[in-house]
K.L.:
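Take this structure first; my questions come after.
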Amino acid sequence: MTRINRAIRILLFVATYCTCIMLCSVAHSQGAASKNVPPTLLQQMVGTWKVQQRMWPGAGAEAINLPPSIAHRHLMAGGFLQEVMKPAKKSAKASFTRTAFFNYNAVNQQYEYFSLDSRAPQMMNERSDKTEEQKNPGKDSIKLNGGSFVSPQWGEAKNVAFTYRLTVGAIENDSQTVQLYLTPQSGESPKEFLAFEYVYTRQR
């Protein structure tokens, strides 16, 4: 009986220990999630915005103005900012839909940006460095680094590979600028250039 009682006590101890570990893990996860509160910048981005787009076909090239668009931004559960952009005027030729998600991941301590544009064949995904912090919440721009993709055509170049990064600007006087930079992965001296720019103006 003594050996049986000892075995029962050991089993009870192990079960209790495992339960404590599980509860601590759940509490830690809940605590991390509770800290994932949208930063000031994301909160300021909520609303309806007029968007002027410009595209550069290459380094040193002149900008091409694209038709005006409208972007609707709102906060989703979990602190994600969702943006859906479409042309301001309906036109079969210029029709497109661009959907983007912007978030601050408190667990990874990184800003995360994801976008999908019907005008392009690839999804874009960028993350900030872990050291990228807002010294002045709502006033500093956020720099995010992406990966690489192959564009069927950009300017006169075809099937060219690029690395990319994104800058999400601060909001000043109800205006915000988001810029996409590309760097060709081939050529004698590839240079980074501003490839796409979105200038947002809050709609009253």
K.L.:
Check for a donor-acceptor pair, side chain of Asp117 on one end and backbone N or O of Arg119 on the other, with a separation under 3.5 Å.
P.N.:
yes
K.L.:
Look up atom CG in Leu66 and atom CD in Glu197, then write down how far apart they are to the nearest 0.5 Å.
P.N.:
11.0 Å
K.L.:
On a heavy-atom basis, which atom in Arg165 and which in Asn145 lie closest, and how many Å separate them?
P.N.:
CB-OD1, 4.1 Å
K.L.:
Do Asp129 and Gln110 touch side chain to side chain, with heavy atoms closer than 4.5 Å?
P.N.:
no
K.L.:
Is it the case that one hydrophobic cluster holds both Val51 and Phe96, taking links as side-chain heavy atoms less than 4.5 Å apart, direct or via other members?
P.N.:
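Yes.
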K.L.:
Considering non-hydrogen atoms only, spot the tightest contact between Arg202 and Ile171 and give its length.
P.N.:
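Heavy atoms only, the tightest pair is NH2-CD1, 4.3 Å.
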K.L.:
Do Gln179 and Leu166 pass the side chain to side chain contact (heavy atoms under 4.5 Å, CB included) test, and can you show the C-alpha distance, the side-chain angles, and the key distance before you say yes or no?
P.N.:
CA-CA 6 Å; Gln179 297 175 319; Leu166 192 74; over 6 Å; no
K.L.:
In Å and rounded to the nearest 0.5 Å, what is the NZ to CZ distance from Lys50 to Arg204?
P.N.:
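One gets 11.0 Å once the value is rounded to the nearest 0.5 Å.
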K.L.:
To the closest 0.5 Å, what do you measure between CG (Leu81) and CG (Asn103)?
P.N.:
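Leu81 atom CG to Asn103 atom CG measures 9.0 Å (nearest 0.5 Å).
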K.L.:
Does Ala161 have any side-chain contact (heavy atoms from CB on, under 4.5 Å) partners at least two apart in sequence or in another chain, and if so, which?
P.N.:
Val150, Gln185
K.L.:
Check the surroundings of atom CD in Gln153: do more than 12 heavy atoms from other residues, nucleotides or ligands lie under 6.0 Å from it?
P.N.:
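Counting neighbours around CD of Gln153, more than 12 heavy atoms of other residues, nucleotides or ligands fall under 6.0 Å, so yes.
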K.L.:
Is there a side-chain contact between Tyr181 and Lys143 in this structure, where contact means two heavy atoms from C-beta onward sitting under 4.5 Å apart?
P.N.:
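No. Closest side-chain heavy atoms not under 4.5 Å.
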K.L.:
With side-chain hydrogen bond (donor to acceptor under 3.5 Å, both in side chains) as the rule and sequence neighbours excluded, what pairs involving residues 63-77 come up?
P.N.:
Thr48-His72, Gln53-Ser69, Arg73-Glu83, Arg73-Gln176, His74-Gln82
K.L.:
Is Met55 close to Trp154 at the side-chain level, that is, under 4.5 Å between some pair of heavy atoms?
P.N.:
yes
K.L.:
Looking at side-chain heavy atoms only, is the closest gap between Leu144 and Phe102 below 4.5 Å?
P.N.:
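SC-SC contact between Leu144 and Phe102 confirmed.
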K.L.:
Do you reckon Met45 sits in the same ILVMFWY cluster as Leu75, going by side-chain contacts under 4.5 Å, direct or chained?
P.N.:
yes
K.L.:
Tell me the closest heavy-atom pair linking Ser141 and Gly169, and the distance in Å.
P.N.:
CB-CA, 3.8 Å
K.L.:
Give the minimum heavy-atom separation between Trp56 and Glu62, together with the two atoms involved.
P.N.:
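In this case the closest contact between Trp56 and Glu62 is CD1-C, 4.0 Å.
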K.L.:
Where do Pro190 and Pro184 come nearest, in terms of heavy atoms and distance?
P.N.:
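So the two residues come closest at CB-O, 3.1 Å.
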K.L.:
Under a single-linkage definition using a 4.5 Å side-chain heavy-atom cutoff for Ile, Leu, Val, Met, Phe, Trp and Tyr, are Val46 and Val84 assigned to the same hydrophobic cluster?
P.N.:
no
K.L.:
What distance separates Gln52 CD from Ser175 OG, expressed to the nearest 0.5 Å?
P.N.:
11.5 Å
K.L.:
Drop me the distance from Thr177's OG1 to Tyr200's OH, to the nearest 0.5 angstrom.
P.N.:
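Separation between the atoms: 9.5 Å.
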K.L.:
Would you say Met124 and Tyr113 are hydrophobically clustered, going by side-chain heavy atoms of ILVMFWY under 4.5 Å?
P.N.:
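As far as the 4.5 Å side-chain criterion goes, Tyr113 and Met124 are connected within one cluster.
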K.L.:
Taking C-beta and beyond as the side chain, do Met123 and Phe149 meet within less than 4.5 Å on heavy atoms?
P.N.:
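They are not in contact (no side-chain heavy atoms under 4.5 Å apart), so the answer is no.
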K.L.:
Using every non-hydrogen atom in the two residues, find where Gly79 and Leu42 come nearest and quote the distance to one decimal.
P.N.:
O-CD2, 3.7 Å
K.L.:
Would you check if Phe193 and Phe162 make a side-chain contact, meaning some heavy-atom pair closer than 4.5 Å?
P.N.:
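Side-chain contact under 4.5 Å: yes.
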K.L.:
Any side-chain heavy-atom pair from Tyr104 and Ser128 closer than 4.5 angstrom?
P.N.:
no
K.L.:
What's the verdict on side chain to side chain contact (heavy atoms under 4.5 Å, CB included) for Tyr111 and Leu41, showing C-alpha distance, side-chain angles and the deciding distance?
P.N.:
CA-CA 11 Å; Tyr111 285 89; Leu41 178 60; 5.7 Å; no
K.L.:
What's the spacing between Leu194 CG and Arg54 CZ if we round to 0.5 Å?
P.N.:
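If I round to the nearest 0.5 Å, the distance is 7.5 Å.
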